[in-house]
Asks: 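Supplied in structure tokens, the structure appears directly below.
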Amino acid sequence: MKNIVLVGFMGSGKTTIATALANRLKMRYVSTDDLIEKKEKRTINEIFTKSGEEYFRDIESKVVREVSDMENVVIDAGGGVVLREKNMENLKSHGVVICLTADDETIMARTQKYKHRPLLNVEDPKRKIRDLLAKRAPFYAKADHTIDTGKLTINQVVERVIEIVGGGRDQ
Ligand code: S3P
């Protein structure tokens, strides 16, 4: 089976769904963010603060290349992976790329209790979320399929992904 790649904005549910999918399909779960932190031996917050976003994106692209070549994995891709065309090319080469979406209110509710996302550690996270969602919409649209997670349970999203991967039809 092709790899399953979950992309989407921060708080769209990638980690929860990727973990559930990996368990259900007996595939390995891999997270680009986890691999970046392991490689760098520091947190994403530290990487952004000390080395800047471009540096982070370069490491992210390396990690994307590595995970794209793995087999039988569910890839939980960081929210900004879609920004580089080459990342999408690599991910699509061995995988089906599925974008999870949710509206800005849902994203705000899901992300506000955490502090590990440097891009949202700002004075007005709601505004930042709206701006980034608008800016990134054309990039997320490049996924092979899209699932709106806003009104679905975890199980329902997992079922949709399985339908897509098994049946090869769009949502
Ligand atoms: C980012 C999303 C984060 C992480 C980093 C940057 C982004 O991953 O890669 O903070 O640019 O959207 P999650 O989407 O898993 O939170």
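In this chain, residues are counted from 1 in sequence order. Whatever order the structure lists ligands and atoms in, that order sets their numbers, starting from 1. The figures that follow rest on heavy atoms only: side chains count, while hydrogens, waters and symmetry mates do not. This structure is a prediction, so every number in the text was calculated from the model and none was measured.
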Asks: Between R24 and E159, is there a salt bridge with N-O shorter than 4.0 Å?
Replies: yes
Asks: Below 3.5 angstrom, do we get any N/O pair linking D33 and ligand 1?
Replies: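 For ligand 1, there is an N or O atom that lies under 3.5 Å from one belonging to D33.
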Asks: How long is the span from the CD atom in E105 to the CE atom in M108, to the nearest 0.5 Å?
Replies: 8.5 Å
Asks: Cluster question for you: counting only ILVMFWY and a side-chain heavy-atom cut-off of under 4.5 Å, with indirect links fine, are M70 and M88 together?
Replies: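 Yes, M70 and M88 fall within the same hydrophobic cluster.
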Asks: Is it the side chain (CB and beyond), the backbone, both or neither of L119 that lies under 4.0 Å from ligand 1, heavy atoms counted?
Replies: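 Under 4.0 Å from ligand 1, L119 contributes side-chain atoms alone.
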Asks: Under the 3.5 angstrom rule, does the side chain of E37 hit a backbone N or O of D34 as a donor-acceptor pair?
Replies: no
Asks: Which protein heavy atom lies closest to atom 12 (O) of ligand 1, and at what distance to 0.1 Å?
Replies: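 For this ligand atom, the closest protein heavy atom is R136 NH1, 2.7 Å.
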Asks: Could you list which atoms of ligand 1 come closer than 4.0 Å to a heavy atom of P118?
Replies: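 Once the distances to P118 are compared, the set is 10 (O).
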Asks: Considering R117, E60, R57 one by one, which has a heavy atom nearer to atom 6 (C) of ligand 1 than any of the others?
Replies: R57
Asks: Which protein heavy atom lies closest to atom 14 (O) of ligand 1, and at what distance to 0.1 Å?
Replies: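 The answer is K14 NZ, 2.6 Å.
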Asks: What about G79: any of its N or O atoms under 3.5 Å from an N or O on ligand 1?
Replies: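 Indeed, backbone or side chain, G79 has an N or O that close.
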Asks: Can you tell me which residue pairs pass the salt bridge (Lys or Arg N to Asp or Glu O under 4.0 Å) test with a partner in residues 146-156, sequence neighbours excluded?
Replies: none
Asks: Got a sec, which residues hit ring-ring contact (aromatic ring centres under 6.0 Å, His included) with Y29, two or more places apart in sequence or on another chain?
Replies: none
Asks: Give the atom numbers and elements of ligand 1 that come within less than 4.0 Å of a heavy atom of G78.
Replies: 8 (O), 9 (O), 14 (O)
